[in-house]
Amino acid sequence: MRLRSVSIIFRKELIEILRDRRTLIAMVVVPILLYPVLMLGSIHAAQFQSGKMQREEIRIAVPDDATAQRLSAEIEADNAAVPTGSPEAAECIRRYDMLVTPDPRDALRKGAVQVAIVPGPGPKTWDRWEIDPPFVLCYDSAEIRSEMARTRLERVLERRRVAVREERLARLPEEQRELFAPRAIPVENVASPEKVGGSLLGNVLPLILALMTITAAVYPAIDLTAGERERGTLETLMVAPVPVIDLIVGKFLVVAAVSLIAAALNLASIGLTLRFGDVQEMLAQGMQARIPVAVLPLILLAMIPFAILFSAILIAVASFARSFKEAQNYVMPVIMAALIPGTAGALPGVELQGVMTVIPVANMVLLTRELLLGHFANWPAMAVALGSTCFYAVVAVVVAARLFGQEAVLFADAGSWKTLFRRRFFIPSSRPSPTHVLLYVAVLFPVWFHIQGQLGPHIGLSSVLIVVFFGVLPLALARYLKLGWRSTFSLRGAAAIQWIGAVAIGLSSWVIASEVLVLQSRVIPLPEGLAEADAEMTRILAGWPLPTLLLALAVVPGICEELTFRGFVLSGLQSRLRPATAIVITALFFGAFHFLFLRFGVTVALGILLGYVCQRSGSIGPAMLIHIMHNSWLFVLSRWDRLAAALGAADLDGTTHLPRRLIAVSAVLIILGLVAISRPPRDAVPGSPADR
Amino acid sequence: MILAENLVKTFPRPDGGWTAAVDGLSFEVRPGEIYGLLGPNGAGKTTTLRILSGLMRPTSGRAILAGYDVVARPQDAKRAIGFLTASTGLYQRLTPRELLTYFAQLHGLDGEPVQRRVRELIEWLGMESFADLRCGALSTGQRQRASIARALVADPPVLVLDEPTLGLDVMTNRIILDFVRRQREAGKTILLSTHYLDEAETLCDRIGLLYRGRLIAEGDLSALRRLAGRERLTDIFLKLVGEQGGGEDRLIPPQPEETHAASLG
């Protein structure tokens, strides 16, 4: 990828797309004009409607004239008591009409009135309320007007009830007052006005913003890919001496820019509407609320990875289409698919934690809500959400580059798109491509994250799932894609000296890893509860015989994880990237898949070591051996007390240093092991440009 | 120069078999020469030109452009080629001047040379009156002139022209053919496919007759006349194709595990 050609393409596409009326409407006009109009309009309409209902006459059915008189008196008293202009005043019943009928319930059922008063369980006269009130307030919950009338009449009667109660309390001698039920429980809202506003906005804004950002990206994404094909300019572009990835990255940046501009304009428009329209109070409906306008720029920052992800996905989907119409057909399901996790994220009670941090769209909706609520302490989860979104975006861009300008898309006569998916059209190749690898990781990552969270201490089930997802799946995928197993999984023999080197490293790597964790705990304090969780785990594992533990937690993960990471992933990345880059990226995936924040650094380092061993030896065997031995040590030491004591490693709690001599010997062993493995490779080594 | 060696391109058929659109095609085009690829519809002309310009991968065989293998060194080969088809579209919302600048930059030109080259082409092709209008507002002839300028903007040594005069009026036709001749004088290697036999007769130095993916005859006009015993190219064409006619379709039977097209990988 060359920066120069990307920027040439970016500039040209931006000019072209900005000259298009449709983009400008979707990007600029909609947010700037439509938004405030819609928002203010709908709120005013709602307000007008509820105001009208409040001004409306309430019709009340009563059984007799006496009740009618008493009720009128209560209503008038309430009207007199509530000062006009207070928030409560809107609830007062200014206009009402009494219907005296022997059967008020029937009048209510027939819809002649909105509420009815019927004789209640208490005394028949309104002068004496005793314990039960002398009436029952009837309403029809299926009628919105009846519901509203009930609320307002209930408030008037409740005022009377409290007055009766206080009057009686005052008459009682002090010692008898406790016979009365306690007063209502006092409730106080401590949320700051900003937080109330944030929560009001947090329910609606993230999803709206997400939708607006996606919508703005749809048209340019289609125009720059399928549109190019439809207008016949794609052929000439593909003949230009520019790699497809440059074209796609340039186009993708334009789409991302357009959708970000749209997101910014949306946010600005919302901010201004909230700031200067009298929307705040209407939204808050009497609550003390202030919209935290200062957070809006932060939300824009959070929208960047989201816009990037969707621009990339839309470009990938539209790259696949031969015409505008076809692209629109493909894009609709994508937007619908985005809406499902987006709506899930917008549900009340769903929080940014666990698997939600890595579910695309949902995590960004939740992240926006956290920002609006000011939950900045949750930054690790926010970081995971941002990071995973960026990763998915990279995958989508790479896939888009793979699809864009493909023969099957470019020319109708080159066979249909089936050539891209039907196995019989696949060209056998020795190793997977980076696209395969990235797609595989992007799909497996959230799935495994979820499984990991559900699994708990079922070591049997866990090893079965590891075999399925990390062993069988990559092997089956390699078979489906017609890849060479030997080169994909480095299934070759290694020299004896390299096996010896692997044993040396396998014997000592745990010492260094444990020591690094101890040093790390000095800088990053261990979170509370970790020791208890560890102890709990140890207690569970103690119930299993050592060979079972070693099989389930060392041998199975050692073999399967190597097949996936040093096999499928590493060989796929090496087909395009330099070996060192491929090894580091593989190790980062390896670390991410372990979902242990504190061990991430150590796991990545181990991944780099294993990648190096596999790359140098040309065989996955030594890496598997090291991985198995590395995993085994913890269990071996916990069972063989005398060995642990002899090594000075009886106390592996993550905070106690190991003996210096042990560390020194281990370091020397690792270096010797690496030297042994680094012997000049034989002729066939993965990473040599054997194939494209 | 252009060198095609035993090019084969097969496409999947709906019934699971494969059709060979180009079937073992070999030819050579030298600098300073216009080579005409002639053939009826479906003979494989367009597929051949697409392979040469790197838009399609040959199933087998080799194509060399200006010394670069189009499969192994695609970017180098593309840098050497100016490609033009009748169906070429232009960016509707750019002006011809912007369009030319864009493609010049994509070919690696930069700064003042780009502007000079663009001015030069606008002058040569008489595009002054519409160089700053949006392409969407141009007439067919104006568009085709802009397309030609686009193909030539990086001054490539090889020109591949797929029916460049299809659907054009006499005037524009003349401008374009004159331009092609001038490119030959400048020493360019020019490969041209056309339906218009009179055009091929007056323009091409050598002609290859393509039928069902194979070259059935090749040579300059006099050689073809001798071969067919006819005077006019149209008659030569009909005679030679007629001799081939009635032959069975060379279709390859279904081969489930056989793999030809690209995969998602």
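Within every chain, numbering begins at 1; the chains are lettered A, B, ... in the order of the sequence lines, protein sequences first and strands thereafter. Because the structure is a prediction, the values reported are computed rather than measured.
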Legend entry - Portion of Leu483(A) that has a non-hydrogen atom of chain B nearer than 4.5 angstrom: neither

Inset, instruction - Sort Glu228(A) into side chain, backbone, both or neither according to what part of it lies under 4.5 angstrom from a heavy atom of chain B. - result: side chain

Inset, instruction - Taking all non-hydrogen atoms of both residues into account, name the closest pair between Pro241(A) and Arg79(B) and its distance. - result: CB-N, 3.7 Å

Inset, instruction - Heavy-atom distances under 4.5 Å only: say whether Leu90(B) touches chain A with side chain, backbone, both or neither. - result: backbone

Inset, instruction - Working to the nearest 0.5 Å, report the span between CD1 of Ile17(A) and CZ of Arg93(B). - result: 5.5 Å

Legend entry - Interatomic distance, Asp110(B) atom CG to Ile8(A) atom CD1 [nearest 0.5 angstrom]: 6.5 Å

Legend entry - Gap separating the OH atom of Tyr91(B) from the CD atom of Glu16(A), nearest 0.5 angstrom: 7.0 Å

Inset, instruction - State whether the number of non-hydrogen atoms from other residues, nucleotides or ligands found under 6.0 Å of Arg578(A) atom CZ is greater than 12. - result: no

Inset, instruction - Enter the distance from Leu55(B):CG to Leu237(A):CG here, rounded to the nearest 0.5 Å. - result: 10.0 Å

Inset, instruction - To the nearest 0.5 angstrom, please state how far the CD atom of Glu235(A) sits from the OG atom of Ser53(B). - result: 7.5 Å

Legend entry - SB check Glu98(B) Arg19(A) (cutoff 4.0 Å): yes

Legend entry - Part of Thr85(B) within contact of chain A (heavy atom distance under 4.5 Å): side chain

Inset, instruction - Calculate, to the nearest 0.5 Å, the distance between atoms CG and CD1 belonging to Leu106(B) and Ile9(A) respectively. - result: 5.5 Å

Legend entry - Contact origin within Phe103(B) toward chain A - heavy atom pairs under 4.5 Å: side chain

